[in-house]
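Below is one structure, written out as structure tokens, with a few remarks after it.
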Amino acid sequence: MSHDILSEITFRKLAIFMTFMEKGNIARTAEALALSGVSVHRALHTLEENVRCPLFVHKGRTLMPLPAAWTLLEYCQEVTQLMTRGLEEARKEAGVGQGRLRVGTLYSLTLETVPRLIMGMKLRRPELEMALTMGSNETLLHMLDAGELDAIIISLSEAQIDRNSLEVLPLFHDDIFLAAPASATLNMSAPADLRDYRQQKFVSLAEGFATYAGFQEAFHIAGFEPEIVTRVNDIFSMLSLVQAGVGFTLMPGRMKKVYENSVQLLKLAEPYQMQQLIAIVFPRNREHDPNLLALAAEGRMYARSLQEPGG
């Protein structure tokens, strides 16, 4: 069959034809499909023209299928089943609407934000499995771009986000603090002026991590290069080194609850004060994916809960 004939035979016409073959008359078909009788008649008539052989015969006012129509029906059922399977497979290949959501997150968000979102998602979609990948801001953005992740939760402050192709849902702002070993002698009466810590050793995250970008910026303002004794690839390792007395660092406030008894935290003085904006980011062309819609709804609820008193 030539291509131009196929282009005339639409799935809509086939769906109307299949319903007519099941219901047996135009009125019942029109009712089942919420169409007018005229639309059903026109679809069947043009399908007959496209197939280029008689499919029906009029008996009084009733349209009766000929043997050719029953033959066509068998193939229609096959082709629609095959197409349905094809659409499912295509969605699966794209990772859309599956029973699995691949989410990338910063290590620091695994303390509270991500568990809260996962618990909310479990209530919304109990059958959904969430696969978590932890990494730096940079790594997660690359993975999202490559289609290896469905959504990421990162710090926007240090990220280049293409708002045309990515959807952004802000969750909260977070302040950065100076973190020092418990053994260090600090002046706790005033916010920390980084210039007073010129002689100290520091530990930091590796490049590409959200907090590292803020770290660099702060010392740029302070006007000196800190002595970095080691760089690590996750925030927990970094803070363990601070606990052990290896050096000072800058850390986001969201880590406070876990480390406030073993690490001294000092608010930064005005010139160095920084905020990270934490947000859920996912591809704009996936905004109708039911799993991502559920994640976005959960994110909005979480953001609202943080704005409430005591949240």
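Every value quoted in this text rests on a predicted model; they were computed, and no experiment measured them.
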Taking every non-hydrogen atom, the tightest pair across [X] and [Y]:
| X | Y | result |
| --- | --- | --- |
| Ala210 | Leu106 | CB-CD1, 4.4 Å |
| Cys53 | Ala68 | SG-CB, 4.3 Å |
| Ala303 | Pro170 | CB-O, 3.9 Å |
| Leu149 | Gly104 | CD1-CA, 3.8 Å |
| Ala206 | Asn233 | CB-OD1, 3.4 Å |
| Val203 | Thr249 | O-OG1, 2.8 Å |

Could you tell me if the side chain of [Y] sits less than 4.5 Å from the side chain of [X], heavy atoms only?
| X | Y | value |
| --- | --- | --- |
| Arg12 | Leu35 | yes |
| Tyr272 | Arg195 | yes |
| Met18 | Thr80 | yes |
| Leu156 | Val281 | yes |
| Leu265 | Met255 | no |
| Pro252 | Phe177 | no |
| Ser305 | Arg116 | yes |
| Pro191 | Glu270 | no |

Could you check whether any side-chain N or O of [X] sits under 3.5 Å from a backbone N or O of [Y], counting only pairs where one atom can act as donor and the other as acceptor?
| X | Y | answer |
| --- | --- | --- |
| Asp150 | Val103 | no |
| Gln275 | Asp174 | no |
| Gln264 | Ala184 | yes |
| Asn137 | Ser155 | yes |
| Glu167 | Phe282 | no |
| Lys13 | Glu8 | yes |

(message) For a quick check under 3.5 Å, do Gln216 and Ser204 share a side-chain donor-acceptor pair by atom type?
(response)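 Per modelled atom types, Gln216 and Ser204 side chains form no pair under 3.5 Å.
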Can you tell me if [atom1] on [X] sees more than 12 non-hydrogen neighbours from other groups inside 6.0 Å?
| X | atom1 | value |
| --- | --- | --- |
| Glu207 | CD | no |
| Arg284 | CZ | yes |
| Lys122 | NZ | yes |
| Met301 | CE | no |
| Gln273 | CD | yes |
| Glu127 | CD | yes |

Measuring from [X]:[atom1] to [Y]:[atom2], what's the distance to the nearest 0.5 Å?
| X | Y | atom1 | atom2 | value |
| --- | --- | --- | --- | --- |
| Phe20 | Asn25 | CZ | CG | 7.0 Å |
| Glu227 | Arg198 | CD | CZ | 13.0 Å |
| Leu293 | Arg286 | CG | CZ | 10.5 Å |
| Leu171 | Ile153 | CG | CD1 | 6.5 Å |
| Ile16 | Thr10 | CD1 | OG1 | 7.5 Å |
| Leu295 | Leu169 | CG | CG | 8.0 Å |

(request) Given side chain to side chain contact (heavy atoms under 4.5 Å, CB included), test Leu109 with Leu117 step by step and report yes or no. (result) CA-CA 10 Å; Leu109 296 170; Leu117 291 174; over 6 Å; no
Test of understanding: clusters of I, L, V, M, F, W, Y form through side-chain heavy atoms closer than 4.5 Å, transitively. Do [X] and [Y] belong to the same one?
| X | Y | result |
| --- | --- | --- |
| Val229 | Phe248 | no |
| Leu205 | Val263 | yes |
| Ile176 | Phe172 | no |
| Ile228 | Met238 | no |
| Ile278 | Ile280 | yes |

(message) As a quick check of understanding, evaluate side chain to side chain contact (heavy atoms under 4.5 Å, CB included) for Arg254 and Gln276, giving each step before the final call.
(response) CA-CA 10 Å; Arg254 55 186 175 274; Gln276 290 181 349; 2.9 Å; yes
(request) List the steps, then state whether side chain to side chain contact (heavy atoms under 4.5 Å, CB included) holds for Phe202 with Gln200. (result) CA-CA 6 Å; Phe202 283 84; Gln200 297 297 341; 4.0 Å; yes
(request) Check the pair Glu138, His142 against side chain to side chain donor-acceptor pair (under 3.5 Å), reporting the backbone distance first and the verdict last. (result) CA-CA 6 Å; Glu138 208 171 87; His142 282 314; 4.8 Å; no
(request) Can you spot which of Arg102, Arg125, Arg124 makes a side chain to side chain donor-acceptor pair (under 3.5 Å) with Asn291? (result) Arg125
(message) Below 30° counts as parallel, above 60° as perpendicular, anything between as tilted: where do the rings of Phe219 and Phe215 land?
(response) tilted
(message) In terms of relative ring orientation, are Phe236 and Tyr107 parallel, tilted or perpendicular, with 30° and 60° separating the classes?
(response) perpendicular
(request) Would you sort out whether Leu194 and Leu250 count as a side chain to side chain contact (heavy atoms under 4.5 Å, CB included), showing the intermediate values? (result) CA-CA 10 Å; Leu194 290 180; Leu250 297 184; 4.3 Å; yes
